[in-house]
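In this text the structure is predicted, and so the values were computed from the model without any measurement. One-based numbering along the sequence shown.
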Amino acid sequence: MPPDIGLIRGVSRENLSRALRLKRGKKILIIDSKLTATLDLIANFRFLQDHGVEKVFQLEKCGPPQPIDSINQCLYLIRSDLMSARLVCDQINSNLNRNVQMTYGVIVVPRLLHVISTLFESEGIYEHVTLGQYAYELIPIEDHVLSLEFDDIVAQLWLHKDTSYLAPISKALFNIRGIYGDFSHVVAVGHYSQNILRMQVEYERIYTNNLKAHNRQESDIPTLIIVDRDIDFVTPMMIPLSYEAVLDEIFGIKGRIIMLGSEVTGKEPVKHNIPNDKVFEKVRNLHFSQVVSYLIAQEKETRRLQDGSAGLNLQQMKKFVSTDLQKIQALKKMLVLHFGAFDAILHHKKVNLKKLVDLQDNIIDNVDNKETINYLEDAMARSFDATRILRLFCLSSLAQDGLRDSKNLKTQFIQSYGYKHLITLHNLEKMGLLYNFKGLEVNAKGMAQVVTKVASASPFSSSATATAVGSPSSKTVHISPQAILKKSATPSNIMVDLVTANHSSYIFNGKFSPFVAKLTEEVLSVLVAPKMNSALAERKIDDHLKGYHIPEKLTSVKFKATSEAYGRGRNALVFVVGGITRGEVAALQTIGRNIGFNIICAGTDITNGTKIINLATTS
C-alpha cells in the first residue's frame, strides 16, 4: 500500500506556521524570488493571510520596506546565501538611516548559517533583527515524486565545495523515518551520500526519544537508496525520450507548472497546471515516438462520443449536457494543447531533437566521432545555443574518456560566444564534467604514448606512482563513467519495446538504463528473491556494486538483521543528491511496474543537463 505522501506536506506547513510566528500579528512579507515557487508548493496566500501576512513583495524587486496602514512589522524569507543576506542588510540600513520606524525579522531557508549572522553583525543590523530558520520537508511534486527544491546544489557541492546543504538533506531524510517508520534497507553510493548517512547517526543520538515514539514495528517505506549525482553525470547530459522529459527539455517544468508559449497555444503564453491535465497523466511516461498515435486515438474517441449525441431525445440530451459534454470539451482542449506542444517540439528553431538524439547515440556508442566534431564546429560557427554545445562537450568527455580535439573546440567556443566563457569552461572542468581526451589514438604518436605509459607503470620504474587511473593525485577517488555505462547497458537478451516501455532503458532508445534505475532494479530484485536473509542480501548487492568499479569507500549497504523485505508495503524511496531527472523518474516507474514495487522518486531538486550547465555558465 503506498504511503500517504500528504503527511510530509502537513509537517512543512506546520513548521512554516511556527516560522511566521517569529513576528506575531500583522506584517509585511518580503521573500527571495527563488523561494516563491517553493512556497507555492507548500502553502497558498490564504495560509499566509491566516498567519498575519498582509502584503507580499519580492526581495530583488522591492526597495526598503515602508509601514503600510499602520503595519510596522517586516518579515524577510531568504535563502541561506550571502547575496540575499546583503540585500536585506542594505534595505534595513537604508531605513535606519532615514529613521523609518519598523521592526524586522529574518527567516533563513533551509538553515541559519554563522556567516550570515556575522554579516548582520558587521553591517550593524544584528541588534535590530530577530533571526530564525525554516527547514521544510521533502515537497510532494506528485504522489511519487518528492523534491527539496535546492536548485543550485550541483554548483554548491561540486563547484564551490560548499557542504552546508548536507545537514538539511540529512534532516529531511531523518524526518521521513520519523513519519513513516525506520528504514530497514539502506544502500548509499557516493561521497556525499556517505556523509549524509553519518549525519543520520548524530540525529539519532539527538532525537532518539522522538524517533522511538514515532517508529512502528513495520515501516511504510522500508527501503532507501541514496546516490550522488556525480556517480552518473552522463544521464542528465542526455536528452531522455519520455514525453514529460522532452517537455521539460524544451519548455521547462517548474514544480507543477509548465510554461507553454504562443508557438504551442497559437495565442498568448499560458501557465499550464500539470495535475489538472488528464491527458498528460496518460502520456507522460510514453516514449516520445508513441505520443502522437495516442493523441490521435483519443481525438477519434472524443469525436465518436460527441457524434453519438446526434440521435438523442430531449431527456437524453439534458443528461448528456449535464454529465458528459463538459468532460468532452475539457478533453478536446487538452488534446489541442498537446498536439500543439508535440508540433512545436518537432519544429523547434533552436533544438533539432532528432539530430541531437542521433548525436548523443553516436557519442555513447563511440562511433562517428568525426561527424560529432564537424557538427559541433558547424553549430558554433552558426551561433547555435551555447548550452546545447556545452552539453555535448560534457557528454563526449564523460562517455569517451575525454573530449577529442578539445583544444580546437574550446578555442572556437570562446571565439564564438565570448571570453567570459573561459570561466564557464573552467567551472565545468572543476565540476568533473569536462576534460581532455585521455585515451590513445591509433597512430605512431599513440604507440609512443603506450610505451611511455607501460614503462611508467612498471614496478621497476623510478617514475611509477600509486595514483588512480585518470586521476590527478593519489588522493583523488576515480569513478569511471565508461565502466558505469558498460554495466548499465541493456542486456542483449532483452528486447526493448518502445511502444509498451517494457524496460527502463526505453528513455534512451534501449541503449542503457540510468545508473540509479539500474541499481534500484538490482537492489529490489535481491529483496524479492526467496530465502534471502539480510547478510546474504548485503553480499549480493555488494557484488552488484563491484561491477560498476566504484571504490568501496564510496558505497555502503546496511540491512537490519531481523527486517522484513517489505514492511507495510512494497515501497522504496530513491533519493539523488544533486537532483533527479524526469527521465530517471520515468525509468524508475517502469522498474516499479515490472517488479511490483511502488518507487518514490526523490532528489534535492528536479534537474536536467541544461540546468546543470547553467549553474556553471558565466552570465
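N598 and H144 share no side-chain donor-acceptor pair at under 3.5 Å. The closest side-chain donor-acceptor pair between Q58 and S33, if any, does not fall under 3.5 angstrom. Defined by atom type and a distance below 3.5 Å, a donor-acceptor pair is present between the side-chain atoms of E137 and N175. E149 and S147 are linked by a side-chain donor-acceptor pair at a separation below 3.5 angstrom, with hydrogens and angles left out of the test.
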Verdict with supporting geometry, I239 and F508, side chain to side chain contact (heavy atoms under 4.5 Å, CB included) = CA-CA 8 Å; I239 298 177; F508 295 133; over 6 Å; no
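H160 places no side-chain N or O within 3.5 Å of a backbone atom of D162 that could act as its donor or acceptor partner. Side-chain atoms of R256 do not come within 3.5 Å of backbone N or O of I274 as any donor-acceptor pair. Not a single donor-acceptor pair under 3.5 Å links the side chain of S17 to the backbone N or O of R13. Proximity of a side-chain donor or acceptor of D81 to a complementary backbone N or O of S84 within less than 3.5 Å is detected.
Residues N594 and N502 share a closest heavy-atom pair of ND2-O, 3.0 Å. Pairing each heavy atom of P3 with each of D220, the nearest pair is CB-CB, 4.1 Å.
A salt bridge (Lys or Arg N to Asp or Glu O under 4.0 Å) with D248 holds for exactly one of K254, R582, R284; it is R582. The one candidate from T607, T235, I507 that meets the side chain to side chain contact (heavy atoms under 4.5 Å, CB included) condition with E584 is T235.
When side chains are defined from C-beta on, I250 counts as touching V351, because their heavy atoms get closer than 4.5 Å. Using a 4.5 Å cut-off on side-chain heavy atoms (C-beta onward), E299 and L295 make no contact. Side chains of Y506 and T500 form no contact here, defined as non-hydrogen atoms less than 4.5 Å apart. Side-chain contact between L247 and I345: present, with at least one pair of heavy atoms (C-beta onward) separated by less than 4.5 Å. Within the 4.5 Å cutoff, the side chain of N15 has heavy atoms near those of the R18 side chain. With contacts defined as side-chain heavy-atom distances shorter than 4.5 Å, the pair L359/L392 qualifies. Between L157 and V577, the closest side-chain pair of non-hydrogen atoms falls below 4.5 Å.
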